[in-house]
Amino acid sequence: MAPEHPVERSLLGGEPRYRKSEVARLAGVELSRAERLWQAMGFAHVSDESVVFTDLDVTALRTVVQLVSAEVIPPELETAVARSLAQTMSRLAEWQMGIFRSVLGESFSDDMATTARFADAILPVMEHLQNYVWRRHLSAVAVRELNEHDTRPEEPTLVVGFADIVGYTRLIRDYSELELAGLIDAFEELVTGVIAENHGRIVKTVGDEVLFVADTVREAGEIALSLNERVAAESLLPPLRIGLAKGRVLARFGDVYGSTVNIASRLTTLARPASVLVDRECAREMHEVAGFALTGLGPNKVPGFRGLEAWALRRAR
């Protein structure tokens with residue numbers, strides 16, 4: 001079965017030649033295992049007779065098998081690894097396709113030959129850039145992990161922060177798609193810069209919200225206060241609500257989990273526009289940090305957290 005569009009051949013790196021049973025046989029794995037990995041990567045179900053796989057699919061499946069056999073990937077985590085990789089790559093692919101559309105305009109859908117030639121030209125450049133960014137991030141994480149090797153527990157203690165845009169639901173209703181895209185771009189650019197400047201790390205962004213972590217309360221507090229200050233200076237951006245909590249987290253496949261994350265999220269929902277709320281652990285340490293001032297707000301009624309205490313953080317006068 002030939003590709004439906006000429007651009008498909010360019011992006012897949014070859015002509016589809018195999019059914020899924022043939023890919024599994026050539027890679028030396030059971031069909032059920034191959035299907036499980038395919039679905040973990042978020043791809044649609046493929047019928048037994050569909051010829052949609054290329055030599056790259058065979059090579060990729062063999063690579064996964066080799067990594068599991070060499071115990072680089074634990075067998076029980078192979079689908080989780082596939083799922084995590086796919087989630088990151090899916091977002092990247094959506095963004096890149098947006099670039100294709102904006103550059104090619106009407107030719108994107110009306111002239112398949114032009115789109116295919118553009119894909120052939122731009123794909124090596126994108127791959128090179130992706131590889132560079134990945135290596136830089138891998139280097140930064142490796143250095144951090146190696147520096148903390150002797151003291152880092154399995155569940156590290158971090159300050160977790162949430163920041164979300166006030167009134168986002170109303171903005172979705174009132175803004176055009178172009179206006180909303182501009183707001184989200186401005187928001188992500190601002191938070192990325194502020195968090196990086198203060199040695200924090202973005203875990204993920206989801207529309208109107210960013211989840212970040214920092215190693216110290218000083219860094220996290222500076223991130224939170226600077227975000228509100230920068231947003232106040234931007235006429236385009238609505239105010240933010242920000243919550244910070246300190247404690248052990250489970251770090252897994254680039255995400256963080258645990259009660260500390262839940263507390264930071266709850267504090268964000270309690271915060272007033274353009275304010276920062278912190279939990280007890282953050283407040284205990286922030287009392288000793290020059291330049292910070294705290295106001296106790298007492299316990300709050302929050303589902304799942306009895307008497308959750310909060311402190312409002314601001315700069316000391």
Side-chain angles (χ1 to χ4, degrees), residues 11-14 16 18-46 50 52-97 123 126-149 152-158 160 201-206 209-213 248-262:
L11 296 176
L12 291 179
Y18 307 111
R19 299 175 178 83
K20 61 184 179 181
S21 59
E22 294 169 329
V23 173
R25 176 177 55 80
L26 290 170
V29 303
E30 294 179 355
L31 177 58
S32 59
R33 183 181 177 186
E35 287 184 316
R36 187 167 62 249
L37 287 168
W38 179 257
Q39 292 173 359
M41 288 186 286
F43 298 127
H45 173 73
V46 175
S50 296
V52 297
F53 299 102
T54 70
D55 290 321
L56 287 180
D57 293 297
V58 177
T59 301
L61 187 55
R62 281 176 179 163
T63 300
V64 172
V65 172
Q66 290 168 357
L67 289 173
V68 172
S69 299
E71 299 183 349
V72 175
I73 299 176
E76 66 274 14
L77 293 182
E78 70 172 12
T79 55
V81 170
R83 185 166 54 249
S84 178
L85 182 63
Q87 289 170 353
T88 301
M89 292 296 104
S90 175
R91 291 189 65 188
L92 183 62
E94 292 283 354
W95 167 74
Q96 290 170 339
M97 198 51 56
L123 198 60
M126 288 291 196
E127 286 179 332
H128 178 76
L129 182 58
Q130 287 169 199
N131 189 55
Y132 160 75
V133 176
W134 168 67
R135 284 181 175 274
R136 270 291 176 183
H137 277 290
L138 189 61
S139 173
V141 173
V143 169
R144 186 171 68 246
E145 294 283 340
L146 291 170
N147 287 340
E148 299 173 354
H149 176 71
R152 187 178 180 89
E154 184 174 343
E155 293 188 357
T157 298
L158 296 170
V160 177
R201 302 180 294 282
I202 291 179
V203 177
K204 60 185 175 183
T205 57
V206 183
E209 187 174 67
V210 60
L211 168 60
F212 63 92
V213 295
R248 292 190 179 279
V249 300
L250 172 62
R252 178 180 170 86
F253 299 116
D255 210 337
V256 289
Y257 304 88
S259 60
T260 304
V261 181
N262 293 338

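- Not one N or O on the side chain of S50 forms a donor-acceptor pair closer than 3.5 Å with the backbone of V52.
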- Task: Evaluate the criterion side-chain contact (heavy atoms from CB on, under 4.5 Å) for residue pair L158 and R201; output intermediate values, then yes/no.
- Result: CA-CA 11 Å; L158 296 170; R201 302 180 294 282; 3.7 Å; yes

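- Annotation: Q130, atom CD; neighbour count of heavy atoms from other residues, nucleotides and ligands within 6.0 Å is above 12.
- Using a 4.5 Å heavy-atom cutoff, the side chains of T79 and Q39 are not in contact.
- By the 4.5 Å heavy-atom criterion applied to side chains, L211 and D255 are counted as neighbours.
- Atom CD of E35 and atom CD of E30 lie 11.0 Å apart (nearest 0.5 Å).
- With a 4.5 Å cut-off on side-chain heavy atoms, V29 and L61 count as touching.
- The neighbour count for E71 CD, taken as heavy atoms of other residues, nucleotides or ligands under 6.0 Å away, does not exceed 12.
- N131 contributes atom CG, which lies 12.5 Å from atom CZ of R136 (distance to the nearest 0.5 angstrom).
- Panel note: side chain T260, backbone R248; a donor-acceptor pair is recorded below 3.5 Å.
- Residues Y18 and D55 meet the side-chain proximity criterion, which asks for heavy atoms closer than 4.5 Å.
- A donor-acceptor pair under 3.5 Å links the side-chain atoms of R62 to the main chain of L26, judged by distance alone.
- Under the 4.5 Å side-chain criterion, counting only non-hydrogen atoms from C-beta, V58 is not in contact with F53.
- Annotation: side chain of K204 is not in contact with side chain of V256 (no heavy-atom distance under 4.5 Å).
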- Please lay out, stage by stage, how L31 and K20 fare under the test side-chain contact (heavy atoms from CB on, under 4.5 Å). CA-CA 7 Å; L31 177 58; K20 61 184 179 181; 4.0 Å; yes

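- Proximity of M89 to L92: side-chain heavy atoms (C-beta onward) are separated by under 4.5 Å at one or more points.
- The closest donor-acceptor contact from the side chain of T63 to the backbone of T59 lies under 3.5 Å.
- In terms of heavy-atom proximity, A40 sits nearest to A86 at O-CB, 4.3 Å.
- A salt bridge links E22 with R19; the closest basic N to acidic carboxylate O contact falls under 4.0 Å.
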- Message: One pair to check against side-chain contact (heavy atoms from CB on, under 4.5 Å): R252 and L77. What are the steps and the verdict?
- Response: CA-CA 11 Å; R252 178 180 170 86; L77 293 182; 3.8 Å; yes

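- How far OG of S90 is from CG of L85: 11.0 Å, rounded to the nearest 0.5 Å.
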- Item | Test log, rule side-chain contact (heavy atoms from CB on, under 4.5 Å), inputs V249 and V213 | CA-CA 10 Å; V249 300; V213 295; over 6 Å; no

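- Using a 4.5 Å heavy-atom cutoff, the side chains of V160 and F212 are not in contact.
- Ion pairing of E78 with R33 is present here, as a side-chain N (NZ or NE/NH1/NH2) and a carboxylate O approach within less than 4.0 Å.
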